[in-house]
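In this chain, residues are counted from 1 in sequence order.
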Amino acid sequence: MILANAFCLLFFLGTGADPVVSAKSNHCLDAAKACNLNDNCKKLRSSYISICNREISPTERCNRRKCHKALRQFFDRVPSEYTYRMLFCSCQDQACAERRRQTILPSCSYEDKEKPNCLDLRGVCRTDHLCRSRLADFHANCRASYQTVTSCPADNYQACLGSYAGMIGFDMTPNYVDSSPTGIVVSPWCSCRGSGNMEEECEKFLRDFTENPCLRNAIQAFGNGTDVNVSPKGPSFQATQAPRVEKTPSLPDDLSDSTSLGTSVITTCTSVQEQGLKANNSKELSMCFTELTTNIIPGSNKVIKPNSGPSRARPSAALTVLSVLMLKLAL
């Protein structure tokens with residue numbers, strides 16, 4: 001028994017050789033080893049493995065509540081560059097796929113003696129405000145969209161993967177249903193038996209996991225390393241790394257350098273023109289048009305329009321009157 005537990009721990013930590021597949025071809029094993037090279041990842045992963053493997057009694061395999069809490073801490077506190085590699089690693093054989101399925105210790109965190117009804121499980125999740133929020137995020141970011149190339153909203157794979165990982169450690173914890181290396185199917189631990197007249201709604205809810213093209217494509221793209229080439233069709237203005245003009249008042253009270261604001265505006269406008277972005281109501285873009293129609297008087301806070309001829313003529317008229325008065329006094 002002790003030897004079996006020791007082997008199990010080595011299997012999950014990735015400190016020993018895989019008995020079936022070499023490390024060269026097992027991306028999930030590589031991901032586990034990468035986690036071990038990061039102190040925070042190794043610490044929190046070892047913690048949840050220990051907690052989720054701790055048997056309470058012959059009839060109770062583990063403390064699921066504590067196991068879920070440890071999993072939430074791992075996925076919330078460890079950077080996704082480590083957690084995603086273990087959760088969404090690509091596999092070419094069954095041994096690798098089984099390691100991927102075992103990432104969250106499903107015997108404690110996922111499986112149970114019987115499968116509850118999916119709508120009942122959803123109802124339990126909705127009683128917890130955090131679980132309810134995570135489930136809503138999943139539906140928003142992973143809903144199938146047939147108007148995008150990737151089938152994901154705004155072609156955003158990362159948002160879907162993050163929402164999926166965010167549900168791990170709750171009653172609605174999803175996982176791979178088997179260790180198939182070719183077909184990716186994930187689901188919560190539930191079924192639609194006993195749904196009665198709500199069976200159609202239950203099946204629809206379950207298909208959001210089991211037959212979700214957005215989620216499936218996102219997992220496959222991450223595992224294959226092709227997700228980095230996916231970007232939204234029409235990048236928003238936020239995609240342009242322009243100076244954050246909004247932090248400075250458009251007309252500061254103590255403007256000491258009359259060119260500082262103008263340079264910032266020109267940089268922003270040039271960036272917008274190069275990107276060919278459409279104008280919106282943001283402060284940066286509204287200033288692009290202001291730049292063409294207003295000027296700032298050096299050393300003051302006033303803004304004048306270039307076409308305001310009379311206002312520019314006033315200093316000349318004042319000098320003429322002053323010259324006449326001085327001439328009269330001299331006479």
Side-chain angles (χ1 to χ4, degrees), residues 11-14 17-38 41-42 44-45 48-49 71 74-76 78-106 109-110 134 137-138 141-145 148-169 173-189 207-232:
F11 178 84
F12 285 112
L13 289 177
D18 192 304
V20 179
V21 182
S22 66
K24 184 177 180 180
S25 61
N26 194 326
H27 297 301
C28 296
L29 179 59
D30 293 341
K33 290 183 175 181
C35 176
N36 285 340
L37 296 177
N38 179 274
C41 186
K42 181 179 180 180
L44 292 175
R45 185 163 179 260
Y48 86 71
I49 289 175
L71 280 168
F74 175 75
F75 284 101
D76 289 345
V78 176
S80 59
E81 63 182 286
Y82 298 105
T83 59
Y84 284 15
R85 284 186 64 186
M86 291 188 294
L87 201 57
F88 307 123
C89 45
S90 62
C91 291
Q92 302 297 324
D93 53 59
Q94 188 173 353
C96 174
E98 177 60 18
R99 174 180 285 276
R100 180 176 60 189
R101 192 185 73 85
Q102 291 287 341
T103 297
I104 65 170
L105 280 298
S109 67
Y110 178 67
R134 298 289 178 93
D137 286 343
F138 172 79
N141 295 321
C142 293
R143 72 178 187 276
S145 174
T148 59
V149 176
T150 62
S151 298
C152 287
D155 286 323
N156 194 338
Y157 279 155
Q158 291 296 318
C160 180
L161 295 179
S163 297
Y164 175 90
M167 288 194 300
I168 296 175
T173 295
N175 196 30
Y176 298 93
V177 299
D178 55 37
S179 55
S180 170
T182 55
I184 295 179
V185 181
V186 298
S187 172
W189 183 260
R207 284 196 300 270
D208 286 343
F209 295 90
T210 59
E211 301 177 18
N212 188 324
C214 169
L215 179 59
R216 182 179 63 250
N217 292 343
I219 294 175
Q220 289 177 336
F222 183 89
N224 297 332
T226 57
D227 61 319
V228 295
N229 298 323
V230 177
S231 59

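Under the 2.5 Å SG-SG cutoff, C142 and C160 qualify as a close cysteine pair. Across the pair C28 and C89, the gap between the SG atoms, which is the quantity tested here, stays under 2.5 Å.
Separation of atoms CD1 (I168) and CZ (R134) is listed at 10.5 Å; rounding is to 0.5 Å. The distance from the CZ atom of R100 to the CG atom of N26 is 10.5 Å, given to the nearest 0.5 Å. The distance from atom OH of Y82 to atom SG of C35, rounded to the nearest 0.5 Å, is 8.5 Å. Annotation: the span from D76 atom CG to T83 atom OG1 amounts to 9.5 Å, rounded to 0.5 Å. With rounding to the nearest 0.5 angstrom, the CD1 atom of I49 is 11.0 Å from the CG atom of L44. Between F75 atom CZ and S80 atom OG the span is 11.0 Å, to the nearest 0.5 Å.
Residues satisfying the ring pair (Phe, Tyr, Trp, His ring centres under 6.0 Å) criterion with Y84, sequence neighbours excluded, are F88, F222. Evaluation of the side-chain contact (heavy atoms from CB on, under 4.5 Å) rule for S187 yields Y110, V177, L206, T210 as partners, not counting sequence neighbours. Residues meeting the side chain to side chain donor-acceptor pair (under 3.5 Å) test with S179, sequence neighbours left out: Q94. Residues meeting the side chain to side chain donor-acceptor pair (under 3.5 Å) test with S180, sequence neighbours left out: T182. In this structure D178 satisfies the salt bridge (charged side-chain N to carboxylate O under 4.0 Å, His left out) test with no other residue, sequence neighbours excluded. Scanning for side chain to side chain donor-acceptor pair (under 3.5 Å) contacts around R101 gives E98, E111, with sequence neighbours left out. For F138, the ring pair (Phe, Tyr, Trp, His ring centres under 6.0 Å) test picks out F209, with sequence neighbours left out. Judged as a side chain to side chain donor-acceptor pair (under 3.5 Å), and not counting sequence neighbours, the contacts of S163 are N141.
The shortest distance between side-chain heavy atoms of W189 and T173 does not fall below 4.5 Å. Taking the side chain as every heavy atom from C-beta outward, I104 and L87 approach each other to under 4.5 Å. Within the 4.5 Å cutoff, side-chain heavy atoms of I219 are placed close to those of L215. The closest side-chain heavy-atom distance from R143 to P153 is below 4.5 Å.
A donor-acceptor contact shorter than 3.5 Å links the side chain of S90 to the backbone of G223.
Contact detail for L71 and S109: the closest heavy-atom pair is CD1-CB, 3.4 Å. Scanning both residues, C214 and Y157, for their nearest heavy atoms gives O-CE2, 4.4 Å. Nearest heavy atoms, P106 versus N175: CB-ND2, 3.6 Å.
Donor-acceptor pairing under 3.5 Å is recorded for the side chains of D155 and T150.
Residue R45 forms a side-chain contact (heavy atoms from CB on, under 4.5 Å) with just one option from N36, N38, V78, and that option is N36.
The 12-atom threshold is not exceeded at CD of Q92, counting heavy atoms of other residues, nucleotides or ligands nearer than 6.0 Å.
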